[in-house]
Each structure stands twice: as structure tokens, then as C-alpha cells.
Amino acid sequence: MTTLETAIRSVLDTAVWAPSGDNSQPWFFVLRGNTVRVHLEPDRDNPILNFKLSGTYIAHGALIENIVLAAPLSGLVASVQFLPDPANPHCTAEITFRETSVPIDPLASSIRNRHTNRKVYENRPLDPETLSAFSETVRPIKDPQLFLVKNRAAIHAIAGASAIMEQVALETPKLRELFTGDILWTAEENRSGKQGLHIDTMELPPPARFLMRRLSNPTIANLVNAIGFPKIARLTNTKLYASAPTMGLITIPEESPAAYLAAGRAFERVWLEATRRELAFHPVTGVLFLARSVQQGTTRGLLPRHFKSILEANAEIKKQFGAGKKNTPAMLFRTGYAEPPTARSYRRVPDIRTA
Ligand SMILES: Cc1cc2nc3c(=O)[nH]c(=O)nc-3n(C[C@H](O)[C@H](O)[C@H](O)COP(=O)(O)O)c2cc1C
């Protein structure tokens with residue numbers, strides 16, 4: 001293996017620590033000389049939530065941003081051409097590497113340490129300098145806009161609107177099936193890097209964890225619904241999300257693969273900045289994905305009785321952030337101070353094919 005190839009492989013090893021929905025890691029790479037083509041795998045993400053592959057494109061935005069940030073750690077510079085092949089929108093980037101020494105972006109050292117923290121956050125506000133650092137860090141990415149909210153009433157309203165997702169997911173058989181099927185129940189499974197959420201990373205209270213394990217049985221699922229568990233889950237999660245001192249929304253001006261890639265890049269930069277500052281961070285996105293499906297009439301698997309509350313929740317989130325009509329919400333998150341998570345996710349070995 002040439003030193004260039006070793007360096008490129010080391011960049012990809014680091015970059016795949018990017019976030020993806022349910023840790024789906026929907027990517028593979030094709031390496032040829034000093035060029036890597038990044039490809040998406042369309043079937044890895046939740047087919048109901050992943051409307052028009054938007055979640056997959058966001059994850060790729062984060063991955064590609066990581067590649068650019070990580071390249072100088074291996075003595076390389078990466079130049080990216082996004083969506084290089086108009087005939088194949090599943091090829092998200094062509095990246096050309098050059099061996100040269102350039103300064104390392106401080107965000108690069110947070111790539112492997114970035115993680116999701118689903119715990120209750122402390123009631124301690126973020127200082128204004130941190131909030132302006134978040135806004136600053138997305139500035140180099142054209143188009144996505146970052147909105148931040150720290151007002152308690154607004155956070156409570158956003159938390160309540162986003163927690164609709166838990167109720168919808170538990171009451172919708174197809175979503176429930178996909179959701180429970182994606183849970184990794186053992187630490188060994190998690191360490192194998194397999195896609196899915198390790199149960200310990202979900203930070204569930206013991207009764208919820210007990211029920212979650214049994215939800216794949218339809219009789220138990222019906223019983224759990226009959227006793228009002230979905231509503232309890234919504235209220236519990238409203239409180240959990242509202243514990244954060246700050247929530248953020250990334251919006252895009254139009255829906256397209258390019259716009260979602262840019263949203264993913266901006267999102268990753270904010271998350272890395274939060275990691276650098278030792279802040280806890282948690283994406284809370286389900287409702288946004290469902291709302292896009294309902295708005296465009298692609299509601300396969302969803303129950304019509306939920307459409308109204310999904311659309312209202314999406315509108316409430318936009319309103320609380322002051323995002324105008326032309327802004328499509330792409331990613332929603334909460335951030336603040338918290339104890340470290342009980343467990344973290346792992347990654348599979350990057351799938352690098354040679355051309
Ligand atoms: C597009 C996208 C949507 C996500 N949505 C959620 C979400 O709604 N709730 C959540 O708890 N985590 C969400 N996540 C976080 C992923 O579950 C997480 O990144 C993944 O499991 C890997 O774990 P890590 O972030 O700790 O590395 C999302 C991540 C991405 C990229």
C-alpha cells in the first residue's frame with residue numbers, strides 16, 4: 001500500500017465516526033489513486049422516516065465534512081465535488097486528496113469524541129460566546145441557516161411538539177416494528193459496529209426499557225397502547241427535551257440532495273463545536289421527517305389520524321424558532337450540560353472498494 005493510500009484510509013477511518021440516523025452508516029467508498037468517490041446506500045435508513053433519502057443525505061453531509069476536517073491530520077488536503085455525477089445522485093461526492101501540510105482545524109480533534117447524549121440536561125444556560133460560536137461555525141457553509149432558542153417557554157413548546165414523535169412511533173405498527181427492530185440489546189452487538197441503537201444509549205427509565213423489549217409482540221404492543229403508554233412516553237420525553245437550556249434548528253431554502261448535504265455539513269460543525277466545549281448534544285428530528293412526508297402526500301405506513309398533529313408540531317417548531325415560510329426545517333437538536341452518556345455507539349470498518 002502506498003503512503004498516500006494509507007493516509008486516505010486513515011482519514012476515512014476517522015470520518016466514519018459521523019452521526020447517522022439509528023447509526024445506519026449508509027455509505028461505502030470507491031478509492032482510485034488519489035480520489036475517493038463517496039456513495040450512499042439507500043436501504044440502510046428507516047424507510048418511513050428517510051423521506052426522499054433526506055436523512056441519508058444529511059448523514060453524508062456530516063461524513064464529507066469530517067473527511068475535509070480530518071484530511072490535514074494525515075498530511076492531506078481534500079477538495080470536494082458534491083454530487084459529481086448527474087446520472088447517479090447516490091454518488092454524493094468525489095474527493096481528491098493532495099499531500100501537503102496545512103493547519104489543522106480545531107474541530108478535527110472532536111470528530112472521534114462526538115456522540116449523542118440522551119440524558120436529562122442540567123438547568124444551566126449556555127454563555128453567549130458559545131451561542132455565537134455555533135452561529136460562526138456554520139457561516140462557511142452556504143445556504144443552511146441556524147436558529148437558536150434559549151427562552152424557557154419556547155423550549156417547552158418545541159420539546160412538546162417534537163415529543164409527538166414518540167407517541168406516533170409507538171401507535172404506528174410499521175414504525176414500531178422498524179424502531180424496535182433497530183435496537184441492539186447487547187454490548188457485544190454494539191461493539192461489532194453493526195447499525196442500530198444500543199439500548200444503553202437510549203437512557204430509558206427501567207419501566208420503559210422493560211416494555212421496549214416486549215413491543216415486538218403485537219399482543220403486548222396493543223396492551224401497552226391500551227393503557228396509554230404512548231402518551232406517557234410523549235409527556236416524559238417532553239420533560240426530557242425541555243431540560244436543555246438551548247435548542248437549535250437548521251433549515252434549508254429548498255429540498256434537494258445538495259441542500260440536505262449542506263444541512264448535514266452545518267449540523268456536524270455545530271455538533272463538533274459543542275463537543276469541543278464539552279457540551280451534551282442530542283438530535284431530535286423524527287417529527288420533521290414525518291412532516292415532510294405528510295406535506296408531500298407520501299404517507300405509506302403512517303396513520304391518517306396522526307397527520308394533523310404531525311403538521312401542527314412542525315409548524316409550532318418553525319414558529320418558536322422564528323423560521324420564515326421559505327425555510328424547510330432539516331435538523332433539530334438540544335444541547336447543554338449533562339453527565340456523560342451511559343454508553344456510546346461504535347462503527348463498522350469502512351467499506352472501501354478499489355476501482
Ligand atoms: C439525520 C439524523 C437524524 C437523527 N435523529 C435522531 C433522533 O431523532 N433522535 C435521536 O435520539 N438521535 C438521532 N440521531 C442521532 C443518531 O442516532 C446517532 O448519531 C447515531 O446513533 C450514532 O451515535 P453517535 O451520535 O453517538 O455517534 C440522528 C442522526 C442523524 C444523522
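Ligands are counted one by one from 1 in listed order, and the atoms in each one are counted from 1 as well. Quick note: numbers below take in every heavy atom, side chains included, and nothing from hydrogens, waters or symmetry partners. This structure is a prediction, so every number in the text was calculated from the model and none was measured.
The shortest contact between atom 17 (O) of ligand 1 and any protein heavy atom is with R118 NH2, 3.1 Å. Here the protein heavy atom with the shortest distance to atom 30 (C) of ligand 1 is G21 N, 3.6 Å. Nearest protein heavy-atom neighbour of atom 5 (N) of ligand 1: T285 OG1, 2.8 Å.
Around atom 15 (C) of ligand 1, the closest heavy atom drawn from P283, G55, P26, S162 belongs to P283. Closest heavy-atom approach to atom 20 (C) of ligand 1 within the set P19, A18, S345, S20: this belongs to S20. The closest heavy-atom contact to atom 2 (C) of ligand 1, among the options M331, M202, R112, comes from M331.
Side chains of T298 and R300: no donor on one and acceptor on the other come within 3.5 Å. Side-chain contact of T342 with D200: a donor-acceptor pair under 3.5 Å is absent, judged by distance alone. Defined by atom type and a distance below 3.5 Å, a donor-acceptor pair is missing between the side-chain atoms of T275 and N113.
Close approach of ligand 1 to T116 is summarised as follows: ligand atoms under 4.0 Å from at least one heavy atom of the residue are 15 (C), 18 (C), 19 (O), 23 (O), 24 (P), 25 (O), 26 (O). Every atom of ligand 1 with a heavy atom of R114 under 4.0 Å away is listed here by number and element: 24 (P), 25 (O), 27 (O). Near G286, meaning under 4.0 Å from one of its heavy atoms, ligand 1 places the atoms 8 (O). When each atom of ligand 1 is checked for a heavy atom of L197 under 4.0 Å away, the hits are 17 (O), 21 (O). Annotation for ligand 1: atoms under 4.0 Å from non-hydrogen atoms of N23 are 20 (C), 21 (O), 22 (C). Within ligand 1, counting atoms from 1 as listed, the ones closer than 4.0 Å to a heavy atom of V284 are 8 (O).
A single hydrophobic cluster is seen to contain both L170 and L211, as judged by linkage of ILVMFWY side chains at heavy-atom distances under 4.5 Å, directly or through other members.
Here Y346 has no heavy atoms under 4.0 Å from ligand 1, in either its backbone or its side chain. When non-hydrogen atoms are compared, ligand 1 lies under 4.0 Å from neither the backbone nor the side chain of T201. Contacts between R347 and ligand 1, counted as non-hydrogen atom pairs separated by less than 4.0 Å, involve the side chain only.
Considering backbone and side-chain atoms together, W271 places no N or O closer than 3.5 Å to any N or O of ligand 1.
Residue-environment remark: CD (Q81) exceeds the threshold of 12 foreign heavy atoms within 6.0 Å. Shown here is K119, whose NZ atom has more than 12 heavy atoms of other residues, nucleotides or ligands within 6.0 Å.
Contact annotation: H282 has at least one heavy atom less than 4.0 Å from an atom of ligand 1.
With respect to R277 and E129, a salt bridge is recorded, a charged nitrogen being found less than 4.0 Å from a carboxylate O.
Cation-pi geometry between R114 and W17 is not met: the NZ or CZ atom fails to fall both under 6.0 Å from the ring centre and inside 45° of the normal.
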Would E166 and L240 count as a side-chain contact (heavy atoms from CB on, under 4.5 Å) if you check the C-alpha gap in whole Å, the side-chain angles of each, and the deciding distance to 0.1 Å?
CA-CA 12 Å; E166 275 70 16; L240 172 78; over 6 Å; no
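Between F333 and F267, the ring-plane angle classifies as tilted under the 30° and 60° cut-offs.
Here the two rings, on H282 and Y241, have centers that are under 6.0 Å apart.
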